[in-house]
Amino acid sequence: METATAKNTIWPDVELIRNEFPILQQTVNGNPLVYLDNGATTQKPVQVIRAMQEYYTGYNSNVHRGVHTLSQKATSAYEAARHQVAAYIGAHHHEVVFTKGTTDAINLVAAGFRRAFLHEGDEVIISGMEHHSNIVPWQLACEEKKAHLKVIPVTDQGELDMDTFAAMLNPRVKIVSVAWVSNTLGTINPVKDIIAMAHAKGIPVLLDAAQAAAHTPIKVHELDVDFLALSAHKVYGPTGIGILYGKESWLQQLPPYQGGGDMIKHVTFEKTTYAEPPLKFEAGTPAICEAIGFGAAVAYVTQLGIHKIQAYEHQLTEYAVAQLKTIPELRLIGESRHRAGAISFLIGQHHPSDVGVLLDQQGIAVRTGHHCTQPLMDRFECPGTVRASLALYNTTADIDRLVAGVQKAVTLLG
Amino acid sequence: METATAKNTIWPDVELIRNEFPILQQTVNGNPLVYLDNGATTQKPVQVIRAMQEYYTGYNSNVHRGVHTLSQKATSAYEAARHQVAAYIGAHHHEVVFTKGTTDAINLVAAGFRRAFLHEGDEVIISGMEHHSNIVPWQLACEEKKAHLKVIPVTDQGELDMDTFAAMLNPRVKIVSVAWVSNTLGTINPVKDIIAMAHAKGIPVLLDAAQAAAHTPIKVHELDVDFLALSAHKVYGPTGIGILYGKESWLQQLPPYQGGGDMIKHVTFEKTTYAEPPLKFEAGTPAICEAIGFGAAVAYVTQLGIHKIQAYEHQLTEYAVAQLKTIPELRLIGESRHRAGAISFLIGQHHPSDVGVLLDQQGIAVRTGHHCTQPLMDRFECPGTVRASLALYNTTADIDRLVAGVQKAVTLLG
Amino acid sequence: MTIKEQQDNIIADFEVFGDWMEKYEYIIQLGKDLPLIDPTYKTDDNLIRGCQSKVWLHAEMQGDKLVFTADSDAVITKGLVALMIQVLSHQAPKDIANADIYFIDAIGLTSHLSPTRSNGLLSMLKQIKLYAIGYQAKSVQQN
Amino acid sequence: MTIKEQQDNIIADFEVFGDWMEKYEYIIQLGKDLPLIDPTYKTDDNLIRGCQSKVWLHAEMQGDKLVFTADSDAVITKGLVALMIQVLSHQAPKDIANADIYFIDAIGLTSHLSPTRSNGLLSMLKQIKLYAIGYQAKSVQQN
Ligand SMILES: Cc1ncc(COP(=O)(O)O)c(C=O)c1O
Ligand SMILES: Cc1ncc(COP(=O)(O)O)c(C=O)c1O
């Protein structure tokens, strides 16, 4: 514990922050909870929980179109949340479409490309470390249009093979869609280079920022990225909401995705005209309370400071990797030089789920399995990994508990 | 007030119920809130708000695939909610797909039909009183496949012209998609007849039950309906969630909608196989907290008794219609013999929004405008209506306030 | 009168009202009085479509002043349109372009100008400013 | 021994354990001891795919008893599979089909049988019952 405390130079008040997360104040199987499954979903601070409760107890109402007071309040709060999230990623508010989450956002773009831009023989580039949510939508689109899905290979270290990527760019490629940060390996991909290389050939880029959003400052205009998708629930916000960022010109060109209320300008049975983006892509009653909760979440993160969080988590990740490496039987899956969030490993020949069950018995929550990246598991020839993934409220003490927990598991598994 | 109190024979304890809705205990513009915008969205009882808060403070975690305790709890609660909602509509749990709402559910079916079942020259039947959410998805699908959208006419009373409907059924029709209850007119459509007539020709039927779900018992198996869509936020549940009910055989046939995590069985870059329904249609992290809140909402309604609610609301609707008719300048839009929920009207030549603004000044929340049914407004040649829509917590006192409020608006508008 | 004086006048007028009813009675009266826009100007080009009500706005230069006529299909919107025109019509484009519109707030009708109200009023104000900036640019070019 | 006796035996065995570690040590040991399924039976047909771990299950009649062999790629799952087989193998199809499996609950491992665990154990139990019902039907037909 000496070293542990000594390590935290950046964020001495992390215990105060932990107090803002009610869920962390519990025991699981008789031990204080160590929550290291943040890659799957993060916990929510009271600020977020309270914002949502205030909505339902104070001004719940459907948005847009209403003249009455509650409807005005709800609409203002919903649109204010859009501004907050836009500010968080350095976008204009009208470039931010509220979606159900990252998966919904990627599907929106894939469906639009299917409808408007993909033709037989065209290509879509993804990478070998993508989450199923950035694979299957493109498979569905390509299948329908007889287009081809091309995959950037992953090196043994768990990085993208950028030379091969360079060679893959050709005029048939209609879009490049890759993860900013790998949910399984923790690899931070060189997204600036990827964007520059694709743009040099006139190809747009979508970034799956699901695993970047809680760990890295995002500046979409600086990045010059064309589309970016993320989920609130992985940034301390509620389930059921996320965003698609799209450059204005792209949102104008992209055909509407879902039809329904709110996304129209005028409807007749003969002809319907659509609202301007972002509303053009927000059919039906939106996830109002969730948007407001999302706004509160990015406000929370902004107030703590994403740069500070990044520095703290970087320190914590280095500590975790170093400590885990002291376990002789442990093998890291993914050893990128640039990493954030997730740390995947295997213990000797032990099945990840056995390790997960024994950690859970000790109150330590990690994720085991393929992490929705089955092709990547095939690449590394393992049935899955044990994944510890960090958030701003984790501490070196959590890491120590993890390491001790793994050691105990190793002993038990023999 | 004498008559008002005397009227409520079914539900003498409505005041106790009102106490369960924190949002109703407020004043708006100096007057106790009268909330009559339930067609847009209903308010939430403490039971629902609490269930969601318990989730975030107690066991928030991503569902499926996790071995740790929180993930198990979250998964159990999420799947229990599916069972609760299934029971509410008389379905098997594996026939219930969680969606973002009604709009999302209808788009899911429309996109599936577009992909798998609609061909050039085919027809889709909707009705003249549909919400944009049951118009635009079919327009998008028909446009892409050069299929035709056919519209059941609406009578002057605001009912479906069933003779014309009968004549419209022919082998080119691939699906009939109609509202159970009109959100603008309050008309309850003869859905049993519609289903029987369509099935006689082998045509499946989708019911948009958005406005039925809070007012009418739903028994999908008895109805023998093929698809049914509804939104939680209109049934005392949270925003951001709803369901698609689909007959098992249809859910098997329908191609997947969105691609992503959770909806797959196995992914390789060459070939992906899909999970069984309902998971096949639930790509990405679901709206977990919202599903749990939805479960709590139907539990709440079930405990009060949907038949009792229906009887109470029926009485209240009759009272409201009778009282509104005492206003000389008032003209009802929609005078179906079977009605629930919404009551639309116009006052002389006054613009609906003027009436809405003056009611809001008196603390009375109604909706004004086209209610996302622009073609229906064209049909009745009005720019919109004033719509009062009822819920289980409304009282005859609310109606009296509405009537007095309209009278004051009439005086002011001159 | 300057734009500022016009606004201060309106604020003073509204101070005498005892309650919201008197206020709205006055606005409604204004809505009824507003000289209708010349029907030939009630075109789709001049239409500002709010979700709730429609506003038509026509602008033309008379001498060095910009003159607005307008209409709405909703009388309360029309009354507010009338106030807006009282303040901003017959003013120099430069002054309109630079005007700080504070009277709506001051008379307690902020919500009518909120972007969420969708009665077309905010869009109308934007359009008025756009016209003013346009005519200002033109007059600069011509000088 | 009957299925009930088998279960009660296991429950008695588990009562001696002081903490979860002793319990899991025992399960892990069982997992290691389980005679592996004949490799020729480790086919895709016999595979029960959980999201986390895989279970292979083979069934065959020996006389009037139904005999199961099984395996899993995760040792804790395999240990639990071993317990399940200890209880349900070498029993009459009819008894298996009607069996009430309560020992998992009683030894405090309920969560491993939950439908959300996706370790294949619940599917395995279902599959065991299906085999039993199938063979029961067959034997009824043959009589
Ligand atoms: C009849 C009807 N259908 C569909 C919808 C769309 O529901 P949602 O906006 O919740 O998707 C509504 C509600 O607005 C409705 O009233
Ligand atoms: C890299 C990555 N992409 C996409 C997703 C999908 O996000 P969601 O499930 O919130 O739609 C996830 C999370 O599971 C992820 O880690």
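Chain identifiers are assigned alphabetically (A, B, ...) following the order of the sequence lines, protein sequences preceding nucleic acid strands; residue numbering begins at 1 within each chain. Treat the numbers as computed from the prediction; the structure is a model and nothing was measured.
Options Leu33(A), Thr41(A), Val136(A), Thr239(A) differ in how many heavy-atom pairs under 4.5 Å they form with chain B, and the most are formed by Thr239(A). If you tally non-hydrogen atom pairs under 4.5 Å between each of Ile126(A), Leu24(A), Ile49(A), Asp262(A) and chain B, the highest count goes to Ile49(A). Ranked by heavy-atom pairs under 4.5 Å with chain B, the list Val267(A), Leu359(A), Thr103(A) is led by Val267(A). Residue with the most contacts toward chain B among Gly240(A), Gly101(A), Gly259(A), Pro256(A): Gly259(A) (heavy-atom pairs, distance under 4.5 Å). Comparing Pro255(B), Ala111(B), Cys372(B), Ala291(B) by how many heavy-atom pairs each has under 4.5 Å with chain A, the most go to Cys372(B). Looking only at heavy-atom pairs under 4.5 Å with chain A, the residue among Thr368(B), Asp37(B), Asp378(B), Val48(B) that has the most is Asp37(B). When each of His131(A), Glu143(A), Lys271(A), Glu130(A) is scored by its heavy-atom pairs under 4.5 Å with chain B, the top score falls to Glu143(A). With chain B as the partner, the residue from Glu144(A), His266(A), Gln139(A) showing the most heavy-atom pairs under 4.5 Å is Glu144(A). Most heavy-atom pairs under 4.5 Å with chain A, from the set Met52(B), Arg115(B), Lys44(B): that is Arg115(B). Chain A forms more heavy-atom pairs under 4.5 Å with one residue of Ala110(B), Ala141(B), Ala287(B) than with any other, namely Ala287(B). Highest contact tally toward chain A, considering only Gln26(B), Lys234(B), Gln43(B), is held by Gln43(B) [criterion: heavy-atom pairs under 4.5 Å]. Interface remark: of the candidates Val28(B), Val151(B), Leu149(B), Leu108(B), Val151(B) forms the most heavy-atom pairs closer than 4.5 Å to chain A.
For chain B, the nearby part of Thr42(A) is the backbone; its heavy atoms alone come within less than 4.5 Å. For chain A, no part of Arg50(B) is nearby; none of its heavy atoms comes within less than 4.5 Å. Neither the backbone nor the side chain of Ser231(B) comes within contact range of chain A, judged by heavy atoms closer than 4.5 Å. If you measure heavy-atom distances from His233(B) to chain A, the contacts under 4.5 Å come from the side chain alone. Only the backbone of Val63(B) comes within less than 4.5 Å of a heavy atom in chain A; its side chain stays farther off. Proximity to chain A (any heavy atom under 4.5 Å) is shown, for Pro238(B), by both the backbone and the side chain. When heavy atoms are compared at a cutoff of 4.5 Å, Val46(B) does not approach chain A at all. Heavy-atom distances place no part of Asn134(B) under 4.5 Å from chain A, backbone and side chain included. For Arg114(A), the part lying near chain B is the side chain, with the backbone staying farther off; criterion is any non-hydrogen pair under 4.5 Å.
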After noting the C-alpha distance and the side-chain angles of Asn62(B) and Arg367(A), does the key distance pass the side-chain contact (heavy atoms from CB on, under 4.5 Å) rule?
CA-CA 10 Å; Asn62(B) 213 325; Arg367(A) 190 137 300 227; 4.0 Å; yes
Run the numbers on Thr272(B) and His132(A) for side-chain contact (heavy atoms from CB on, under 4.5 Å), then give the verdict.
CA-CA 10 Å; Thr272(B) 290; His132(A) 295 162; over 6 Å; no
Would you please test Glu290(B) and Glu290(A) for side-chain contact (heavy atoms from CB on, under 4.5 Å) and show each step?
CA-CA 9 Å; Glu290(B) 292 70 20; Glu290(A) 291 71 18; 2.7 Å; yes
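The two residues Lys265(B) and Gln374(A) come nearest to each other via the heavy atoms O-NE2, 3.7 Å. Ser133(B) and Gly284(A) make their closest contact through OG-CA, 4.5 Å (heavy atoms, listed as atom of the first residue, atom of the second, distance). Scanning both residues, Tyr274(B) and Leu140(A), for their nearest heavy atoms gives OH-CD2, 3.4 Å.
With Gln258(A) contributing its side chain and Pro137(B) its backbone, the two residues share no donor-acceptor pair below 3.5 Å. Side-chain atoms of Gln25(B) never come within 3.5 Å of backbone atoms of Thr57(A) as a donor-acceptor pair (strictly under, hydrogens ignored). Checked by atom type and distance alone, the side chain of Asp360(A) never pairs as donor or acceptor with a backbone atom of Leu70(B) at under 3.5 Å.
Note: Lys150(A) NZ to Phe269(B) CZ = 13.0 Å, rounded to the nearest 0.5 Å. Going from atom CD of Gln53(A) over to atom CD of Gln53(B) covers 4.5 Å, rounded to the nearest 0.5 Å. Between the CD1 atom in Ile135(B) and the CD1 atom in Ile264(A) there is a gap of 9.0 Å [rounded to 0.5 Å].
A perpendicular orientation is assigned to the rings of Tyr35(A) and His68(B), their planes being inclined by more than 60° (bins at 30° and 60°).
Ion pair Glu282(B)/Lys100(A) not flagged as a salt bridge, since none of the NZ, NE, NH1 or NH2 atoms sits closer than 4.0 Å to an Asp/Glu carboxylate oxygen.
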